[in-house]
Amino acid sequence: MTSSTVTSSQSPRPPRPNLAFRRLRGQRSPGEFAAAVRRAAREIGERVSCDARYVGRVEAGEIRCPNYAYERVFLHMFPGRTLTDLGFSPRSSVRGRGARGTDEEPPAHTTSLSCTPGETEGACETYETTQDPHDPHKHHEQNHEESDVQRRAFMTGGTATMAAATLGPFAGTFDGTAEAADHRVHRVRRVGTSEAGALEEAVRRIRLLDDRHGADGLYRRAAAPLRTAYELLDAGTTRQRTADRLYAGAGELAISVGWLAHDSGRFDDARSHYAEALATARMSGDPGLEAHAFCNTAFLARDAGRPREAVRAAQAAQRAARPLGSPRLLSLLTLREAGGWAGLADRAECERALVRAQALFERGSSPTDPEWMTFYGEAELEGLEAQCWSTLGDWPRAARHARRAAHLQDPHFTRNIALYTAELADDLARGGHPDEAAVAGLRVLDLLGEVQSSRIQTMLAATARVLLPHRRASGVSAFLERHANLPRTA
């Protein structure tokens with residue numbers, strides 16, 4: 001992330017959405033538009049790592065003026081237009097000083113932790129930052145002030161649900177009064193163990209809320225804390241152990257937010273967050289984080305209809321995870337590979353992967369099992385195997401495993417109980433048991449008061465379509481009527 005995105009003298013008013021830029025995107029998705037930006041950059045010899053998240057930040061007004069690399073790309077894409085025509089603020093107003101002459105060279109850029117190797121210098125910054133040659137310490141003091149302000153924003157921002165996910169762990173980090181906050185702006189110069197611990201706790205709380213309630217109500221509220229987490233990395237720390245915890249915490253938060261996007265059907269956003277986590281893992285040399293990022297990338301690829309990528313990502317995850325000594329982690333990653341083979345309709349490879357996953361699982365838990373794997377028990381093993389058999393069209397076998405998954409699941413994981421039961425309903429419907437499918441579907445509908453998941457609603461909609469020709473069967477009409485009256489998610 002950038003070392004400075006706004007100056008401390010700027011007003012805290014909320015950003016104004018960039019509607020002009022949104023109109024220029026037209027019917028293209030943020031991911032498609034980001035790909036067009038990268039192509040345009042290559043045409044003029046620039047290299048930017050534009051993704052759906054960057055496009056979203058521009059459209060939300062969070063990026064008031066792009067850096068020079070992006071400016072050149074945007075003006076190439078839309079010839080004859082100025083930055084103002086594209087909905088951006090004049091650079092002089094963002095920088096807080098007079099505009100330079102047109103012949104002046106761009107200033108030296110600060111180093112960003114999120115730059116892609118080979119990317120155009122400064123392309124990963126929101127806009128350029130400069131250092132006063134007469135006061136080399138001024139810029140650093142400003143950054144420390146901003147970092148402290150950002151930590152307080154992370155602590156106090158958000159709505160009720162995100163408060164439960166992020167306010168709790170940050171509430172003890174800073175005093176709530178303005179006087180105390182101002183004092184800390186000048187006193188705190190480095191990120192310490194309290195911020196690292198609070199970040200780790202925020203990840204735990206988001207996972208807990210997802211386990212109980214699903215992703216739909218959480219995703220939009222989790223994006224801002226994620227941005228702040230990466231900005232904390234840029235604030236720096238004097239201790240390597242604290243830095244390692246911050247990198248791991250930011251990477252895990254990126255995966256958690258990516259999963260919220262994934263489970264709520266925002267695949268482009270999820271891919272961007274998972275890639276960000278993978279880059280963080282590579283930069284910090286964290287094989288556990290790398291395995292986790294590849295694990296979720298494989299899952300996303302399977303859901304997005306890219307089974308070969310799912311296989312390769314799962315195999316990459318296994319290579320990263322082998323030195324960690326966790327059989328349960330390797331079991332989960334092998335199941336991700338099995339899901340990819342199922343998507344390729346390769347039954348033999350899928351079965352071999354399932355056998356390996358079962359054997360690894362039976363070796364039991366280990367002190368080296370990652371904290372994020374609390375969801376992975378026998379129920380999840382059965383549920384993922386059910387998905388494989390369902391993809392292969394073996395409905396009776398899929399239903400048998402889905403039924404076991406729902407029965408074995410810990411009641412705490414409400415969202416997973418709904419997921420496995422929805423899987424069971426669909427397998428039964430496709431396997432020629434409409435009455436049993438309707439009973440399972442009704443159980444899922446009972447759980448939707450607690451769970452908000454686009455994935456589960458999509459599965460139920462597919463089951464309803466399969467059951468429609470059987471609407472006269474016992475219980476089917478009741479399920480179809482209740483399903484038809486479900487409030488639709490935006």
Side-chain angles (χ1 to χ4, degrees), residues 211-212 214 263 299 302-303 328 331-332 334-336 338-339 341-343 347 350-351 353-362 373-451 453-471 473-480 482-483 486:
D211 290 340
R212 290 188 180 277
D263 195 44
F299 195 9
R302 189 208 69 171
D303 285 353
R328 285 283 170 93
S331 174
L332 174 61
T334 306
L335 281 171
R336 295 286 187 242
W341 289 123
R347 187 184 184 104
C350 179
E351 287 184 334
L354 289 174
V355 169
R356 292 200 309 274
Q358 182 70 47
L360 287 162
F361 183 87
E362 289 174 354
M373 282 186 60
T374 54
F375 72 93
Y376 185 58
E378 191 175 358
E380 181 74 3
L381 174 70
E382 294 285 347
L384 292 176
E385 184 164 354
Q387 292 174 9
C388 289
W389 294 120
S390 179
T391 302
L392 291 168
D394 192 336
W395 313 119
R397 207 165 181 176
R400 186 164 66 250
H401 286 282
R403 195 187 303 275
R404 280 182 52 79
H407 175 71
L408 291 167
Q409 183 60 69
D410 185 322
H412 161 75
F413 292 92
T414 312
R415 179 256 178 205
N416 280 3
I417 293 173
L419 176 68
Y420 303 147
T421 309
E423 175 71 38
L424 173 62
D426 197 63
D427 295 333
L428 289 169
R430 296 176 190 277
H433 301 282
D435 48 348
E436 294 181 60
V439 171
L442 287 168
R443 288 203 298 270
V444 179
L445 290 173
D446 290 339
L447 292 170
L448 288 185
E450 302 176 51
V451 176
S453 170
S454 293
R455 174 191 298 273
I456 294 171
Q457 293 212 16
T458 299
M459 292 170 68
L460 275 186
T463 302
R465 288 192 294 271
V466 174
L467 289 179
L468 197 57
H470 306 279
R471 54 185 172 273
S474 174
V476 172
S477 59
F479 166 72
L480 291 175
R482 277 191 62 187
H483 180 265
L486 272 181

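Every value quoted in this text rests on a predicted model; they were computed, and no experiment measured them.
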Looking at [atom1] of [X] and [atom2] of [Y], how far apart are the two atoms once the value is rounded to the nearest 0.5 Å?
{"X": "Ile456", "Y": "Asp263", "atom1": "CD1", "atom2": "CG", "answer": "6.5 Å"}
{"X": "His470", "Y": "His433", "atom1": "NE2", "atom2": "NE2", "answer": "11.0 Å"}
{"X": "Leu445", "Y": "Arg482", "atom1": "CG", "atom2": "CZ", "answer": "5.0 Å"}
{"X": "Glu378", "Y": "Asp410", "atom1": "CD", "atom2": "CG", "answer": "13.0 Å"}
{"X": "Asp426", "Y": "Thr458", "atom1": "CG", "atom2": "OG1", "answer": "11.5 Å"}
{"X": "His401", "Y": "Ser390", "atom1": "NE2", "atom2": "OG", "answer": "12.0 Å"}

Side chain to side chain, [X] and [Y], heavy atoms closer than 4.5 Å:
{"X": "Leu467", "Y": "His483", "answer": "no"}
{"X": "Arg471", "Y": "Phe479", "answer": "no"}
{"X": "Leu354", "Y": "Trp341", "answer": "no"}
{"X": "Arg397", "Y": "Leu392", "answer": "no"}
{"X": "Leu447", "Y": "Arg443", "answer": "no"}
{"X": "Glu380", "Y": "Met373", "answer": "no"}
{"X": "Leu335", "Y": "Tyr376", "answer": "yes"}
{"X": "Thr391", "Y": "Arg302", "answer": "no"}

To check you understand the geometry: which heavy-atom pair defines the closest contact between [X] and [Y], and what is its length?
{"X": "Gly383", "Y": "Ala405", "answer": "N-CB, 3.6 Å"}
{"X": "Arg328", "Y": "Phe361", "answer": "NE-O, 2.9 Å"}
{"X": "Ala429", "Y": "Thr463", "answer": "CB-CG2, 4.1 Å"}
{"X": "Cys388", "Y": "Ala342", "answer": "O-CB, 3.8 Å"}
{"X": "Val444", "Y": "Ala422", "answer": "CG2-N, 3.4 Å"}
{"X": "Ala425", "Y": "Ala437", "answer": "O-CB, 3.3 Å"}

CA sep, side-chain torsions, deciding dist, call: Trp389, Arg347, side chain to side chain contact (heavy atoms under 4.5 Å, CB included): CA-CA 9 Å; Trp389 294 120; Arg347 187 184 184 104; 3.5 Å; yes
Salt-bridge criterion met for Glu385 and Arg404 (N-O under 4.0 Å):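 No salt bridge links Glu385 with Arg404.
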Glu423 and side-chain contact (heavy atoms from CB on, under 4.5 Å): which partner among Leu419, Asp427, Thr421?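 For Glu423, the side-chain contact (heavy atoms from CB on, under 4.5 Å) check succeeds only for Asp427.
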Where do Asp303 and Arg455 land on the side chain to side chain contact (heavy atoms under 4.5 Å, CB included) test, with the steps shown first? CA-CA 10 Å; Asp303 285 353; Arg455 174 191 298 273; 2.7 Å; yes
Which is it for Val439 and Leu428 under the side chain to side chain contact (heavy atoms under 4.5 Å, CB included) test, yes or no, and what are the steps along the way? CA-CA 10 Å; Val439 171; Leu428 289 169; over 6 Å; no
Checking side chain to side chain contact (heavy atoms under 4.5 Å, CB included) for the pair Leu332/Phe375: CA distance, chi angles, key distance, verdict? CA-CA 11 Å; Leu332 174 61; Phe375 72 93; 3.8 Å; yes
